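To keep things clear, I will list the structure first and then write my remarks on it.
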Amino acid sequence: MGVGIGAVVPLKFSMGSRDFDNNINNLRTGYFHKDFFNFFNHKKIDDSYVFTIKSDLLLANYKDFLCEFYQLIGEDLFECTEISPEDNLLKLKDIDSFMAAFDHDARGGRTPDICNSRGMVSTLGCRCLESWLFYFGSYKAYLEVYKTFTHFERILVKAMENPLAKIVKFCEYG
């Protein structure tokens, strides 16, 4: 087995001092959509910042996001995820129930699920501590440069109406 291409919504990530020149107002944002950081709360811990998703934005949009994304890529949501549009998984009201419902073990390792292993998700621009993996491609994918992920992210933002598209990070997963 190797690594594959995945797509995540970061739930919690960190950025070190070299990413923001010791001042949160000087974030290097070239690898992010201009509205990306509006979806997160942040706090400084030692020499880094930890960003946590605003749960109200996630909960208000994740269901429509999943449906729109799978329609966009031309795949059946139920076939790919075993989640039907009527599924209780798409009716979660708080972040604790979201985390429990998409727990990796609770989902039997099926996507979408929560990934809280920093070594499993490799994105450009941030170190994901917790992610909601909503798409996983082949283990046979090879990547020359990470800049390709930024291009995928920009295309997705233009192709989708759901606000969560602005915070998707494509990644190497596995």
Side-chain angles (χ1 to χ4, degrees), residues 1-14 32-33 35-36 39-41 51-141 143 146 148-150 152-174:
M1 279 204 200
V3 233
I5 302 294
V8 299
V9 168
L11 303 175
K12 186 180 205 178
F13 66 93
S14 67
F32 303 96
H33 183 273
D35 296 329
F36 183 89
F39 285 78
F40 298 90
N41 295 314
F51 295 81
T52 306
I53 194 162
K54 293 178 180 175
S55 58
D56 56 330
L57 291 169
L58 174 67
L59 294 168
N61 293 294
Y62 81 96
K63 173 188 175 183
D64 293 336
F65 175 82
L66 270 181
C67 294
E68 185 180 359
F69 177 80
Y70 278 91
Q71 182 179 25
L72 178 69
I73 65 171
E75 298 288 341
D76 181 81
L77 178 65
F78 179 74
E79 258 182 53
C80 293
T81 66
E82 296 184 19
I83 299 173
S84 69
E86 301 80 31
D87 198 310
N88 286 333
L89 223 51
L90 299 178
K91 299 174 186 165
L92 305 171
K93 300 292 184 205
D94 62 64
I95 195 67
D96 291 333
S97 59
F98 180 89
M99 298 298 282
F102 287 105
D103 177 80
H104 180 78
D105 294 331
R107 295 267 308 136
R110 288 183 313 276
T111 306
D113 68 345
I114 303 295
C115 178
N116 56 12
S117 173
R118 183 177 157 202
M120 293 292 286
V121 175
S122 179
T123 64
L124 188 59
C126 60
R127 288 172 290 289
C128 291
L129 305 171
E130 276 182 346
S131 303
W132 181 51
L133 177 75
F134 65 88
Y135 169 79
F136 181 66
S138 168
Y139 271 116
K140 296 178 183 179
L143 183 67
Y146 271 71
T148 303
F149 288 152
T150 304
F152 288 163
E153 292 161 9
R154 289 176 184 163
I155 291 167
L156 192 67
V157 168
K158 292 179 189 257
M160 290 184 70
E161 292 182 22
N162 192 289
L164 290 181
K166 296 174 182 174
I167 61 171
V168 167
K169 296 301 286 174
F170 281 87
C171 62
E172 283 189 334
Y173 182 81

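Start at 1 with the first residue, then count along the sequence. Values in this document were obtained by computation on a predicted structure and should not be read as measured data.
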ask   = Would you say T123 and S131 make side-chain contact, with heavy atoms under 4.5 Å?
value = no
message = Using every non-hydrogen atom in the two residues, find where P10 and F36 come nearest and quote the distance to one decimal.
response = CG-CZ, 4.2 Å
ask   = Heavy atoms, side chains only, cut-off 4.5 Å: are F136 and D113 in contact?
value = no
note = So CG of L164 and CG of L57: to nearest 0.5 Å the spacing works out to 7.5 Å
inquiry  = Determine whether a donor-acceptor pair (N or O, by modelled atom type, separation under 3.5 Å) exists between the side chain of N162 and the backbone of N61.
reply    = yes
query = With respect to E153, which candidate in K158, K169, K166 satisfies the salt bridge (charged side-chain N to carboxylate O under 4.0 Å, His left out) definition?
reply = K169
task = Any chance you could measure Q71, atom CD, to D64, atom CG, to the nearest 0.5 Å?
result = 11.0 Å
task = Would you please classify the geometry between the F69 ring and the F65 ring as parallel, tilted or perpendicular, with 30° and 60° separating the classes?
result = parallel
message = Looking at every heavy atom in both L92 and N88, which two are closest together, and how far apart are they?
response = CD2-O, 3.9 Å
inquiry  = Could you tell me if the side chain of I53 sits less than 4.5 Å from the side chain of I167, heavy atoms only?
reply    = yes
task = Measure the CG-NZ distance between D87 and K63 for me, rounded to the nearest 0.5 Å.
result = 10.0 Å
ask   = Looking at L77 and C67, what are the two nearest heavy atoms and their distance?
value = CD2-SG, 4.0 Å
ask   = According to the interplanar angle, ranging from 0 to 90°, do the rings of W132 and Y62 count as parallel (below 30°), tilted (30 to 60°) or perpendicular (above 60°)?
value = perpendicular
key: Beyond-backbone contact of M99 with L11, side-chain heavy atoms, under 4.5 angstrom   = yes
request  = Check the surroundings of atom NZ in K91: do more than 12 heavy atoms from other residues, nucleotides or ligands lie under 6.0 Å from it?
outcome  = yes
F40 and F51 aromatic ring geometry - parallel, tilted or perpendicular at 30°/60° bounds = perpendicular
task = Write down the atom of F39, the atom of P163, and the distance for their closest heavy-atom approach.
result = CZ-O, 3.3 Å
Spacing of S122 atom OG and F170 atom CZ [to the nearest 0.5 Å] = 14.5 Å
message = Which residue is it: C171, C115, C128? I am looking for the one with a side-chain contact (heavy atoms from CB on, under 4.5 Å) to M120.
response = C115
query = Which heavy atom of L59 sits nearest a heavy atom of I95, and at what distance?
reply = CD1-N, 3.6 Å
ask   = About how many Å separate NE2 of H104 and CD1 of I114, when rounded to the nearest 0.5 Å?
value = 11.5 Å
ask   = Any sub-3.5 Å donor-acceptor pair from R107's side-chain atoms to T81's backbone N or O?
value = yes
query = Taking all non-hydrogen atoms of both residues, which atom of L133 and which atom of T111 are closest, and how far apart?
reply = O-CG2, 3.4 Å
